[in-house]
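Here the structure comes first, spelled out in structure tokens, and everything after it is commentary.
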Amino acid sequence: MEVLAICTVKERDPSFKLQGLLAGQARLPASHPLFPVLAAKQSALEAGIGGEERVAEVLRKCSLPFEHQIFHDLSPASDECFQMDTYVFTPWFGLVLEAKNIAGILEFHDNPPQLIRIREDGHQDGFESPVAQLERNCELLRDWNVRHNVKLPIYGAVVVAYPRQIVAVAPAKTKVLFPSSITSYIKKIPQQSSKLEPETFNWLSHELLTSHRPFIPKPLSESYGIPFSDFIPGVRCFVCGRIGMVKLPRTWHCPFCGANDHLAHVAMFREWFLIFKRSITNQECRWFLGIEDIHTASRILQSMGFPSVGAFRYREYMIELF
Ligand SMILES: [Zn+2]
């Protein structure tokens with residue numbers, strides 16, 4: 001029987017890391033010494049996301065002749081943090097896919113675990129081994145299953161997401177797949193007679209989903225050691241994208257394009273969280289939003305409903321993204 005139902009249970013989360021990099025770069029002068037580093041990191045992240053999306057696209061189109069569920073970008077709560085690019089869950093087995101999207105000729109070395117990329121000009125770059133990452137993820141998922149009293153064989157494979165990736169040296173024990181071979185690989189995984197009962201399968205799927213914790217990266221300034229004062233403060237206009245909206249009694253006004261937006265500050269707390277830190281004081285709020293009046297800043301902070309600690313001038317508001 002061909003099961004054609006859409007089986008994607010969870011899509012990718014938005015990448016806070018990418019959002020932080022974009023927001024941070026938009027607030028740094030182009031001459032800042034770390035600008036090229038951030039831009040390179042952004043490209044690598046975008047390529048990675050592109051690879052994961054390529055895998056998701058293949059899985060959306062594939063039809064497997066047995067029950068299965070697909071989770072993208074899943075981080076089940078556990079003692080140790082782990083994040084799976086893609087998890088194919090069936091009553092017979094689980095399959096963890098780790099997508100890699102690095103152009104060039106690839107050599108997977110096992111000892112020590114490393115991925116070497118050889119560019120067209122012969123230049124070599126070393127990357128963290130996706131094999132080591134995959135093995136760790138499989139191990140942590142097995143532990144997670146054990147803690148839920150479930151025995152399920154767990155398989156893993158690395159997916160090189162684009163054809164311009166050439167695998168010159170494959171890892172000794174780990175399967176490397178191209179997107180086009182994912183479906184046939186899944187169909188060949190043995191299905192033993194023992195399988196999860198439908199109630200257990202559905203319960204475990206629900207547990208995976210509810211235990212998922214989105215990945216919250218460290219603030220950009222902390223990750224890259226950039227002082228707060230290097231960033232340009234101000235409220236961004238969402239019509240023209242420029243920074244410097246002015247606070248009027250009931251709204252924010254953009255002096256560049258004339259747009260008004262009474263909620264323009266809301267998205268700025270998200271930028272603060274991603275660039276600077278998880279909490280904000282009245283003084284920091286005034287600096288970042290470009291307002292002088294302490295009471296206006298208080299009103300804005302209180303309107304956000306953030307929990308606060310401390311009193312008066314020592315009060316800090318804890319920003320919650322969710
Ligand atoms: Zn504007």
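For ligands, and for the atoms within them, numbers begin at 1 and follow the listed sequence. We number each residue from 1, following the sequence as shown.
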TODO: Flag the pair Phe89 / Phe201 as yes when their ring centroid distance falls below 6.0 Å, and as no otherwise.
DONE: yes

Open item on the list: What I want to find out is whether Arg236 reaches Glu271 closely enough, with some N-O distance under 4.0 Å, to be called a salt bridge.
Closed with: yes

TODO: Using 2.8 Å as the cut-off, note every protein N, O or S atom close to the Zn ion (ligand 1).
DONE: Cys237 SG, Cys240 SG, Cys254 SG, Cys257 SG

TODO: Examine Phe288 together with Phe231 and report whether their ring centres are nearer than 6.0 Å.
DONE: no

- [ ] Determine, for Glu80 against Arg136, whether the closest basic-nitrogen to carboxylate-oxygen distance falls under 4.0 angstrom.
- [x] yes

Task: Between His262 and Trp252, a side-chain donor and acceptor under 3.5 Å - done: no

Task: Gln25 and its side chain to side chain donor-acceptor pair (under 3.5 Å) partner, picked from Lys41, His32, Gln42 - done: Gln42

